[in-house]
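To start, I am sharing the structure in question, which I have written as structure tokens.
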Amino acid sequence: MNMGYNHQQIEQKWKKIWEDNKTYYCDTKDFSKPKYYVLDMFPYPSGQGLHVGHPEGYTASDIMARMKRMQGYNVLHPIGWDAFGLPAEQYSIKMNQHPYNFTKANIERFKKQIQSFGFSYDWDKEIATCDPSYYKWTQWIFLKMYEKKLAYIDFRPVNFCPALGTVLANEEVIDGKSEVGGFEVIRKSMRQWLLKITDYADKLLDGLDDLDWPNSTLEMQKNWIGKSIGAIVNFKIKGHDDLSFDVFTTRVDTLYGCSYTCLAPEHPLLDKIVTKEHLEEVKKYQEEVLHKSELDRQKVNKDKTGVFTGAYAINPINNEEVPIYVADYVLLSYGSGAVMAVPSHDQRDFEFAKQHNLKFKKVIENDLVDQAYVDDGPHINSGLANGKNIQQAKEIILEELKKLGCGKEKISYKLRDWLFSRQRYWGEPIPMIIMDDGSLYPLHESELPLVLPELDEYKPSGTGESPLVHAKQWLNVVIDGKHGLRETNTMPQWAGSCWYYIRYIDPHNDKEIGDKKLLDHWLPVDLYIGGAEHAVLHLLYARFWHKFLYDEGVVSCKEPFKKLFHQGMILGSNGEKMSKSRGNVVNPDELIIQYGADALRLYEMFMGPLEASLPWSSQGLEGARRYLDRVYRIYSEKEYLDKFSDENSHELDFSYNFLVKKVTQDFEKLQFNTAISQMMIFINDVYKAKSLYRPYMEGFVKLLSCICPFLGEEIYQSLGHKELIDYTSWPIYDENLIKLDNVTIAIQVNGKLRGSVEVKKDIEDDDLKEIVFKLDSIIKHTKDKQIKKVIVVKNKIVNIVAI
RNA sequence: GCCCAAGUGGCGGAAUAGGUAGACGCACAGGUCUCAAAAACCUGCGGAGAAAUCCAUACCGGUUCGAUUCCGGUCUUGGGCACCA
């Protein structure tokens, strides 16, 4: 049983005061102070409630919000709910209830838990993506995209499970079988909506340059967009004068080394060119590949499977006949769905050629026998390009191809258009009507929001279509006397999270997505904190929508999130990921009751660097609580209060000023663990001090209150202050009081530590040397040796090189 | 297979424009107080050695007066992936 302060009483008291006073309300129309917008990735309100991992990022953003308030910023610190999603739909099928009901209940539970942590969110700005007043504007953005021809319909394969009668997410498919029930899953082509994110590929790539984001995330986005500059080369087919196909290559310089070509199994040309003798084999291969999911196709990476089509292509550069294969390592969705294979200079082609006994032809000098040579070097067997390096050879060969009319430069991207429709109920309805004559009717802005109809049952339709096909009344529409059916596909969960940071700024506006003046003032987000698992998808989609809204004039900055930080994961005490199945999930509710929210916040920030994944330790939490008890004792027990003084004895001058400097700098860099360790050192010093200078003691409470707001507020009030601590001023420090007169110099002989000496700061090198050579241990270690050199690093070290 | 991180005491970690390795905390041990225990406080705490000293930041090399930090290679763990031509 802990005998420290009564955290439960203190927490209840301040929670009520903050709520009653709307302490953290942000007047977004107040432009008199500089703005600071600090944002958390909003949570999906799952049925499990919060776990200890959630508050790590929230505490970090809260510390920043609290510091910036004291520093005089107008701080926008909102939270909301990413409320559409698969688990709610699955649960509603099970319970045959509208998913809104328990989504609402989950939100209430999450909200209560979040409030118990004392996060300084402005609840006036709360939004939920499943709220019609919110998704009205998600639909509005979609319509704008449709208007600009960025949304289009096409057929795409999906995971369809005939037994369940539904389309499955990749996550729900395990080894080609449905996760639920283990039924067969097939690839079925279905009508889908896509967003043309590829139109923004260059803008998305260029925008990365100005962002204060983790390098690894920038790198991942860059690789995801995957811009590569290469060429397309047209190959004619032997015996078919009218048929040809394009290959895409980034190594057109190796064209003379091409010994076969390869088409993707779905390539439309295949039907026309496969010879009779090989038809059966190719069909069988295509069939096999279609049963593999895209994920499986990628997994099998050792065997390069494929079959010969019987057809030959003509290499345009030298008119050589090369066999045409079909292989699933070639993807229809990238480049042109066909490759020219150069086994000697591409590792994948190398492996395929080995397995299928195909020819190798070196076009760059090298001695490698068991792998492809991919480095630069003088070309051989390459006509005009002989003797040239890769860059020169590319230019020469491309020039020749252009003259022959069968090649040109081509920029390719890995990025594909975004498959934007889901055959689900619990998502934003796509505001389109498909008229009986096949034409599309987009809803008018005045017809938004298009609200999800209630259904009798939420079960899958059986055909793979959305359960919305059951809403007959909602489905059938007549416009100007013509009949049509509403689109039954809904939007993916990403949609609502693509622009929520915009809505927080003006969440109650029912006239427009947000007042332009306010959006211009508050965007971009100054600091965005969330998990690294969103490094690509969410963060790329949100940037895409933002750039579109910029082009539409809705927002005036080109990037939504100026600075990004990924908090790490909190692992179970055994170092494994926390999960229900492992039984190592730690519930924060009980910890708050037992140790208090402040202790939990403090511990999570002290565990280690914010970005690191760290194992949970309940003993560590006890240590954090012990520290807070010590702090509280100093501010509440007579023994210490008697030492408080309005006169500075200068005892704590260094300790305090150094503390303020370090904490201010570390907070700014989100290095909370080292800031806290300095706060611990300060309290250790306070314990030893004879006199406690009141302004220092108050300054410390302000620093502490960012991490531990309940205790901070309580102590600040106990010191006699009527106002809350939240909007006071941030402590300042005096650089002069941190400067030291003396420094300790380490002394090395041949790089090994042999002593140390305290001297005046900035002492002259010669004076220092004189002192050093009088030291016993140095005399001992240098006698019988010849001094070769003495290296002096100012105020740090002396190294004597002696042989 | 590719890409990106990271490997430091019993544990979480600290220290890198190259300069006294182990701050701060946890755990543990000893002590004070107590009839006793808990709490609190004090002391110790990388390994070897009596000591001098030696060894030690995943491993092997290199650069340097000096390397946890820089370079090359290897191994391990974590994260990401769309075989990207």
Given C55(B), is OP1 or OP2 found less than 4.0 Å from the side-chain N or O atoms of K752(A)? yes
Using 4.0 Å as the upper bound for N to carboxylate O, is an ion pair formed by D629(A) and R625(A)? yes
What is the distance, rounded to the nearest whole Å, between atom CG of L539(A) and atom P of C4(B)? 20 Å
Base, sugar-phosphate or nothing for I570(A)? Non-hydrogen atoms, less than 4.0 Å. nothing
Close aromatic pair by centroid cut-off 6.0 Å: Y640(A) and Y687(A): yes
Interatomic distance where OH belongs to Y627(A) and C1' belongs to A40(B) [whole Å]: 17 Å
C33(B) versus A40(B) - spacing of their C1' atoms, nearest Å: 9 Å
Is any side-chain N or O of S228(A) closer than 4.0 Å to OP1 or OP2 of A85(B)? yes
For the P atoms, the ones on G73(B) and on A29(B), what distance do you get once it is rounded to whole angstrom? 47 Å
What's the CG-C1' distance between L614(A) and G78(B), to the nearest Å? 12 Å
Take atom CH2 of W224(A) and atom P of C2(B), then tell me their distance rounded to the nearest Å. 19 Å
When rounded to the nearest Å, what value does the distance between P atoms of A21(B) and U68(B) take? 9 Å
Would G9(B) be called syn or anti, given that syn covers angles within 90° of 0? syn
Aromatic rings W616(A) and Y603(A): how do their planes relate, parallel, tilted or perpendicular, breaks at 30° and 60°? perpendicular
Cation-aromatic face contact R633(A)/Y5(A), 6.0 Å, 45 degrees: no
If a protein heavy atom is under 4.0 Å from the base, mark B; if only from the sugar-phosphate, S; if neither, -; do that for nucleotides 14-25 of chain B going 5' to 3'. S----BB--BBS
Would you indicate what H781(A) reaches in the nucleic acid, counting non-hydrogen atoms under 4.0 angstrom: base, sugar-phosphate, or nothing? sugar-phosphate
Is the centre of the F672(A) ring less than 6.0 Å from the centre of the F667(A) ring? yes
P gap between A23(B) and G10(B), integer Å: 14 Å
The side-chain contact (heavy atoms from CB on, under 4.5 Å) partners of K788(A) (sequence neighbours excluded) come to Q786(A), V801(A), I803(A)
Salt bridge (Lys or Arg N to Asp or Glu O under 4.0 Å): which pairs involve residues 665-679 of chain A, sequence neighbours left out? K68(A)-E668(A), K662(A)-D666(A)
Atom C1', compared across C71(B) and U63(B): separation rounded to whole Å: 7 Å
Expressed as a whole number of Å, how far does the C1' atom of A5(B) sit from that of G9(B)? 24 Å
With sequence neighbours left out, write down each residue that passes side-chain contact (heavy atoms from CB on, under 4.5 Å) with M41(A), or none if nothing qualifies. Y500(A), Y528(A), H534(A), H538(A), L539(A), L564(A)
Please report, rounded to the nearest Å, how far the P atom of A40(B) is from the CD1 atom of I634(A). 14 Å
Output field: ring centroids F352(A)/Y329(A) closer than 6.0 Å: yes
Look at the side-chain N and O atoms of K414(A) and state whether any lies under 4.0 Å from the OP1 or OP2 oxygen of C3(B). no
Could you tell me how far U69(B) sits from A17(B) if I compare only their C1' atoms? Round to whole Å. 11 Å
First of T217(A) and I225(A) reached from the 5' end of RNA chain B, by closest nucleotide: T217(A)
Work out how far the C1' atom of A85(B) is from that of C4(B), and round it to whole angstrom. 22 Å
Just to verify, what does E622(A) make a salt bridge (Lys or Arg N to Asp or Glu O under 4.0 Å) with, not counting sequence neighbours? none
Y260(A) OH to A85(B) C1', straight-line distance once rounded to whole Å: 10 Å
Students often get this wrong, so: under 4.0 angstrom with heavy atoms, is T249(A) touching a base, only sugar-phosphate, or nothing? sugar-phosphate
Using the benzene-type ring in the case of Trp, are the ring centres of F350(A) and F360(A) under 6.0 Å apart? yes
Watson-Crick or G-U stems involving RNA chain B, each at least 3 pairs long, distances under 3.5 Å, ordered by first number: B:1-7 with B:75-81, B:10-12 with B:24-26, B:28-32 with B:40-44, B:46-48 with B:53-55, B:58-62 with B:70-74
N223(A) or V801(A), whichever maps to the more 5' nucleotide of RNA chain B: N223(A)
